[in-house]
Asker: 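The structure that follows is given in the form of structure tokens.
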Amino acid sequence: MPEEKKFPETTPASEEVRVGVYTCHCGGNISHVVRCERVTKSLGKLSNVVVARTDPSFCSDTGQAIIEKDIKELGVNRVVIGACAPSLHEQTFRNTVTRAGLNPYLYHHVGLREQDSWVHGDDKDGATEKAIRLMSAGVAKARLLIPLDPIRLGAEKQALVIGGGVAGLRSALDIARQGIRVTLVEKSPFLGGRMAQLESIFPTDEEPRQLLHELIEQAAAYPNITVLTQAEVTAVSGYVGNFNVRVTQRSRGVSDEMAEALAAACTQETPDEFNYGLTRRKVICRPYEGCYPPLPAVDWEHYDGQPIQLNGKSVVLKDEPQVHELTAGAIVLATGFDPYEPRRGEYGYGEIPEVATLPQLIRALSRVPEGEPLTWNGHPVRDVALIHCVGSRELDGVHEPQADGQVNNYCSRVCCTASLHTAVELRQRFPKLNLYELYQDIRTYGRGHEEIYRQAQAKMVRFLRYHGDERPEVAAAPAGDTHPVLVRVKDTLTYGEEIEIPVDLVVLAVGMMPRQIDSLVNMLKVSRGADRFLLEAHPKLRPVEMAVRGIVLAGTAQGPMNIQESLSAASAAAAKVASLLGQGRVELPPFVARVDESKCNGAGACVEACLEEGAIALQTFQENGREVKRAVVTPANCTGCGACVGVCPNRAIDVQAWTLAQYEAMVDAIAMETPAFSEAEK
Amino acid sequence: MTSNEKGKQPKILILATLAGGYAGADATGQAHTDYPANTYILPVMCPVMFPPEFFVRAFERGIDGIIIMYSGTDSPYKVEADGTAALINRSYALMKTRGIDIRRLRLAAICTVCVKPFLKEVNQMADLLKGIGFVKDEIAAPAAA
Amino acid sequence: MDNLHVDTLVVGGGIAGMQAALDLADQGFQVALVEREPSIGGKMITLSKVFPTLDCCSCITTPKMSAVAHHPNIHLLTYCELQSIEETGSGFHAAIVQKPRYVDARKCTGCRECEYACPVTVPSPFDRGLGAYRAIRVPFSTAVPQKAVLDMENCILCGKCEKECPAGAVDFTQQPEPFEIETTTIIAASGFELTPLNAKKEYGGGKLRNVVDPLMMERFLAPTGPYGRVLRPGDGKEPTSIAYVQCAGSRDQTLGVEYCSRVCCMYAVKQAMLISGALPMADITIYYMDIRTFGKGYEQFYQNAKAMGVEFVRGKVAAIREDGEQNPVIKVELTEEGRIVERTFDLVILSLGMTPAPGSNGTTSTSLSASLGLPLGTDKFIAIPAPNANPCASARPGIFVTGTAMGPMDIVDSIVTASSAASAASAYIREHQKEAVYA
Ligand SMILES: Cc1cc2nc3c(=O)[nH]c(=O)nc-3n(C[C@H](O)[C@H](O)[C@H](O)COP(=O)(O)OP(=O)(O)OC[C@H]3O[C@@H](n4cnc5c(N)ncnc54)[C@H](O)[C@@H]3O)c2cc1C
Ligand SMILES: Cc1cc2nc3c(=O)[nH]c(=O)nc-3n(C[C@H](O)[C@H](O)[C@H](O)COP(=O)(O)OP(=O)(O)OC[C@H]3O[C@@H](n4cnc5c(N)ncnc54)[C@H](O)[C@@H]3O)c2cc1C
Ligand code: SF4
Ligand code: SF4
């Protein structure tokens with residue numbers, strides 16, 4: 001064995017380092033496995049440690065008060081806390097030490113719960129040793145901590161809202177009401193999103209386009225909201241407080257004066273996505289009377305470039321995209337959802353003409369004049385089956401995966417109430433219809449939703465309940481049958497009886513999928529969850545913020561929601577933007593590179609290694625009458641990745657609060673041959 | 001097996017990114033899934049900050065295995081994916097000159113919900129170390145020979 | 001008490017009220033938070049772990065409580081009762097009463113010497129009566145503020161606490177102290193109450209010892225709970241077969257509670273998972289009509305519980321009785337088989353629903369909605385006249401609603417509606433205050 005070397009402990013010369021070490025029981029969560037008293041005893045013996053304590057829960061008011069008191073009364077000037085994951089309480093304790101007058105960065109958090117007690121439950125000794133080593137490493141780091149100030153940046157009092165559905169509109173309005181400018185970017189030519197495609201909405205039976213109209217009117221009355229339709233974000237750089245955004249906006253293609261006339265004269269047609277492909281529309285069009293903006297626009301995706309004949313003149317439409325550069329302090333993502341598109345053949349979809357989705361049925365119903373009978377594919381409709389959970393609640397190993405290999409294992413939460421609401425409407429309008437709802441669980445959870453379920457039951461809608469792994473089957477009926485389609489289901493309400501229902505129409509209550517926003521996700525570097533919806537920073541505590549600072553979520557881009565929920569989330573997002581930008585400045589953590597000028601010799605390896613625009617550069621200085629080059633960091637552009645640190649031959653650069661010397665000290669503490677813990681037993 | 005039964009245990013250092021491996025380790029904790037306790041996880045912003053000498057120094061101090069759990073291409077840092085891979089190659093070269101088995105240093109992409117991959121990495125390293133033993137013996141061996 | 005002038009008065013200090021207060025205070029508004037209990041935290045602080053993350057509940061609640069207590073823009077007023085409000089033209093004038101703690105809160109250090117001295121033991125509502133505390137006490141270990149409170153109803157006036165208190169804080173002569181708050185807006189966050197355990201007579205709740213409510217179960221499962229483990233309240237035996245009866249008190253026209261309480265499916269699934277962790281040998285059966293795990297990540301949570309072996313049985317529970325050994329016997333119609341069977345369990349939990357927060361201490365029936373003059377929905381929760389336009393606005397301009405005060409919801413929805421109500425309130429303040437208090 002080589003000789004055990006002794007390594008000197010590094011202590012900043014200037015002030016005496018007085019470390020307080022706190023090992024939390026976490027109400028038993030930690031102390032049931034880790035012997036906290038032993039940890040405390042061991043840690044108390046380390047140099048510089050002036051006090052080591054345990055408490056049932058340091059995050060509680062009393063717990064925090066203990067730490068504050070030690071700082072004030074014992075002169076503790078470095079704090080090490082072993083507790084739950086830092087993601088939960090690092091901030092809490094930073095605030096604690098700040099209140100006691102200590103710089104918040106003179107505190108270090110060690111995760112002893114998620115990374116120790118909760119994963120070594122059957123190895124109490126091992127877990128205790130681990131805690132001692134990790135806490136010793138914490139002390140080793142704490143000795144080298146220096147006070148830091150957050151980086152303060154001016155924040156642009158302007159927000160960018162991406163998506164002009166009901167959620168995006170509500171966010172934009174609520175942000176504007178706080179005196180913050182807003183740019184709303186909508187990809188399609190018109191505002192309103194999916195809500196405009198609904199007819200009467202649950203639970204209030206209101207007219208959705210009227211509600212949208214009122215919302216848009218309110219927003220339009222705010223001079224500090226700019227709406228860009230047919231526009232998309234094409235580049236983003238910067239950071240919270242100062243995102244530099246490029247928005248590319250297509251032309252509307254027709255002038256206000258000519259729009260109606262050109263739309264009337266236009267002959268080229270394409271399937272109408274507003275009606276989910278059930279009808280066709282012109283390539284110069286508007287989705288509905290009363291939409292916003294009110295005039296038709298050109299659908300460049302489908303326009304074939306041929307001239308349009310108007311009053312004997314032929315007009316060729318031209319798209320002249322406009323580029324807007326803007327600075328936004330915060331970004332709201334409200335890109336919404338797409339209804340799940342069943343695979344060809346899934347429940348006969350795309351193969352049997354009498355199989356439609358619920359969104360399609362809602363559009364189709366809007367086209368049946370009051371008092372007229374319902375027909376489908378040219379036949380009168382007498383029997384309708386609505387199948388729940390299509391594209392939702394799928395099971396691994398039972399259902400065919402989507403194109404990306406995933407199954408949609410989540411509940412889309414809106415489809416149950418939406419289909420019962422539609423069933424009730426069908427019954428009211430066409431009293432003779434026989435209606436069948438094929439479901440797994442009825443999830444009418446919201447306020448006023450259960451009432452819709454009861455109405456459907458009272459209105460003699462027949463319910464059949466299937467198991468998730470035995471979904472109903474849909475097949476074309478043999479020629480000459482009374483009905484075009486047969487639905488087979490094993491109904492658990494009649495004790496597993498195999499029931500065959502001949503119907504004229506099958507309606508698939510399809511779930512929700514996030515819209516295709518890959519390029520946005522890449523540009524903004526935000527995360528999605530396993531369900532592919534945008535992922536919040538914490539599912540309980542920070543439900544509308546994203547992990548990337550300054551980016552918040554509104555509406556169904558985050559997951560299935562109804563209108564009320566989308567509105568709530570949108571207003572909540574606005575509250576977060578207001579707290580962030582209201583003061584006109586943003587504070588960022590000081591975790592950026594810092595150059596030690598006494599060691600830097602201007603070699604420039606750091607500049608080469610850095611991939612962030614404008615983060616580090618060599619500048620010329622005068623030193624003792626000579627011109628010298630030194631690396632200079634621009635903190636606002638530095639992400640703190642440390643690419644510069646690893647390549648500097650002189651160890652002249654470090655990321656603040658994460659220095660190489662600190663890591664070396666931590667490694668030494670972990671690797672220690674005779675750790676403090678064995679001494680503690682003596 | 002507890003550490004007492006086994007006596008002295010090899011030490012595994014895990015350098016885990018806050019955006020990836022560290023959160024993955026927390027997720028493993030939330031799932032209450034057990035793994036060996038001789039694992040010391042230190043959070044890092046991005047592993048490119050370490051020069052190869054850092055790892056060699058750690059081995060020389062008695063760390064028997066190092067796993068870098070980074071976020072790969074999902075990282076918030078542009079440099080992380082390629083930069084870390086390059087760093088590992090440079091580190092392997094240096095380890096070879098010092099007679100350190102390069103399997104002692106591993107790179108793994110771990111995301112915030114990667115419970116299974118996290119466990120797999122940890123268990124693989126633990127198994128490896130059972131086979132190849134303490135790093136101190138390895139470093140001492142050529143000198144003794 | 002000094003009178004206060006604020007931008008928003010938040011009534012109720014559960015998670016919803018706390019979050020709304022924090023969001024407004026972070027924007028620079030002055031907020032008064034009035035809570036009628038001696039501590040903030042609401043129901044959430046009593047829970048064990050939260051679905052779907054299984055985070056330790058106290059770990060995520062205490063920091064919020066602490067943040068509220070320390071925020072420079074929040075005036076925290078606990079053990080206070082809102083009496084009435086009056087419109088002033090520029091907002092509201094609220095009459096509040098500080099109830100007597102019989103302890104001078106300015107002097108009390110929370111050392112608990114009084115508690116150790118007190119000879120009277122009282123069942124602790126924090127532990128849902130499972131544990132006990134004293135007639136004078138700090139309400140629970142993580143209470144905010146950490147100040148003792150004496151309940152006169154149980155006090156025998158022996159004076160021991162007064163003698164032992166090192167701060168001289170005990171004061172038997174305290175009287176209710178009225179004071180006033182001027183405010184521009186009000187946020188109602190008065191929360192919910194569990195359906196009474198005995199609401200449905202057929203289920204024997206309240207009579208049968210081993211038929212318990214789900215908040216008791218939360219206390220059994222909490223690391224800080226009264227016993228630190230799961231056992232039968234009847235005889236302290238460790239249960240090996242446990243049943244949950246879903247929709248006990250919700251979706252039930254005979255009780256006049258026609259709505260779904262939204263959280264009971266998820267808390268039953270959660271508790272079942274936690275129990276299987278604590279008692280790996282226990283059989284857990286959940287009797288349900290529909291499993292409503294609709295939230296983000298919730299369906300996956302439910303599927304995990306199934307995979308862990310929790311049994312989900314579709315059935316309508318008709319009645320519960322007790323056998324000779326205090327074991328509850330469930331009579332259930334198995335709707336998938338068309339049979340009615342009886343099954344004996346060691347412990348039954350009624351998955352009770354949510355009803356609106358009642359009046360103060362059950363004595364008077366002035367609930368918050370009454371003091372604020374707010375109309376109710378058919379479900380008796382505070383009405384939201386335009387849910388699809390202004391999801392947090394009550395029928396009275398300037399008064400907003402959040403959390404379970406507007407109907408059953410879980411923590412994440414309470415937090416979202418809290419931020420949403422804060423957003424609506426702050427916009428209202430900016431539009432209605434000529435000279436805003438904020439800079
Ligand atoms: C069949 C069905 C029936 C329903 N019925 C009801 C009901 O009765 N009551 C109820 O409360 N809810 C109902 N809902 C739910 C309701 O439709 C949604 O809650 C609501 O529309 C969600 O709004 P949103 O703003 O989040 O998303 P969306 O309406 O999808 O809006 C998103 C907007 O963002 C735009 N966008 C997308 N990507 C980009 C990009 N990259 N750049 C710029 N813009 C972009 C889109 O063009 C769109 O305008 C129903 C849903 C379905 C499927
Ligand atoms: C058994 C059970 C388990 C649960 N588990 C979970 C879970 O795991 N995850 C989850 O997300 N949700 C869970 N929930 C739901 C969760 O408890 C609620 O969503 C949440 O607590 C609601 O918070 P709140 O602030 O709206 O109401 P409350 O917590 O009820 O708070 C209301 C506050 O207002 C005060 N108050 C009332 N009236 C007045 C008045 N007139 N004046 C002054 N103050 C007043 C009350 O004292 C109280 O402090 C569970 C619920 C139950 C019953
Ligand atoms: S939250 Fe963290 S610090 Fe507080 S009790 Fe739990 S582990 Fe301890
Ligand atoms: S809301 Fe109903 S139909 Fe939709 S996925 Fe959930 S259970 Fe299925």
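The figures that follow rest on heavy atoms only: side chains count, while hydrogens, waters and symmetry mates do not. Order of the sequence lines fixes the chain letters, A, B, ..., with proteins taken first and strands second; residue numbering starts at 1 for each chain.
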Asker: Below 4.5 Å from any heavy atom of chain B, which atoms of A:A609 appear? Answer side chain, backbone, both or neither.
Answerer: backbone

Asker: Side chain from CB out, backbone as N, CA, C, O: work out which of these in B:F54 comes under 4.5 Å of a heavy atom of chain A, or both, or neither.
Answerer: side chain

Asker: Check this for me: does any side-chain nitrogen of one of B:D26 and A:R113 sit under 4.0 Å from a carboxylate oxygen of the other?
Answerer: no

Asker: Do any of residues 118-127 of chain B have a heavy atom less than 4.5 Å from a heavy atom of chain A, and if so, which, in residue order?
Answerer: none

Asker: Between chain B and each of A:V110, A:V119, A:V645, count heavy-atom pairs under 4.5 Å; write down the option with the most.
Answerer: A:V119

Asker: Only pairs of heavy atoms separated by less than 4.5 Å count here; which of A:K525, A:K130, A:Q115 has the most with chain B?
Answerer: A:Q115

Asker: Below 4.5 Å from any heavy atom of chain A, which atoms of B:T39 appear? Answer side chain, backbone, both or neither.
Answerer: both

Asker: Verify the neighbour count for atom CD of A:E608: are there more than 12 heavy atoms of other residues, nucleotides or ligands below 6.0 Å?
Answerer: no

Asker: Chain A heavy atoms under 4.5 Å from B:K11: which part of the residue, side chain, backbone, both or neither?
Answerer: side chain

Asker: Could you tell me which portion of B:D34 (side chain, backbone, both or neither) has an atom closer than 4.5 angstrom to a non-hydrogen atom of chain A?
Answerer: both

Asker: Does any heavy atom of chain A fall under 4.5 Å from the side chain of B:P43, the backbone, both, or neither of them?
Answerer: both

Asker: For B:L42, is it the side chain, the backbone, both or neither that has a heavy atom under 4.5 Å from a heavy atom of chain A?
Answerer: side chain

Asker: Which pair of non-hydrogen atoms, one from A:I653 and one from A:C648, has the smallest distance, and what is that distance?
Answerer: CG2-CB, 3.8 Å

Asker: Just to be sure I understand the criterion: a residue of residues 88-97 of chain B counts if one of its heavy atoms is under 4.5 Å from a heavy atom of chain A. Which ones qualify?
Answerer: none

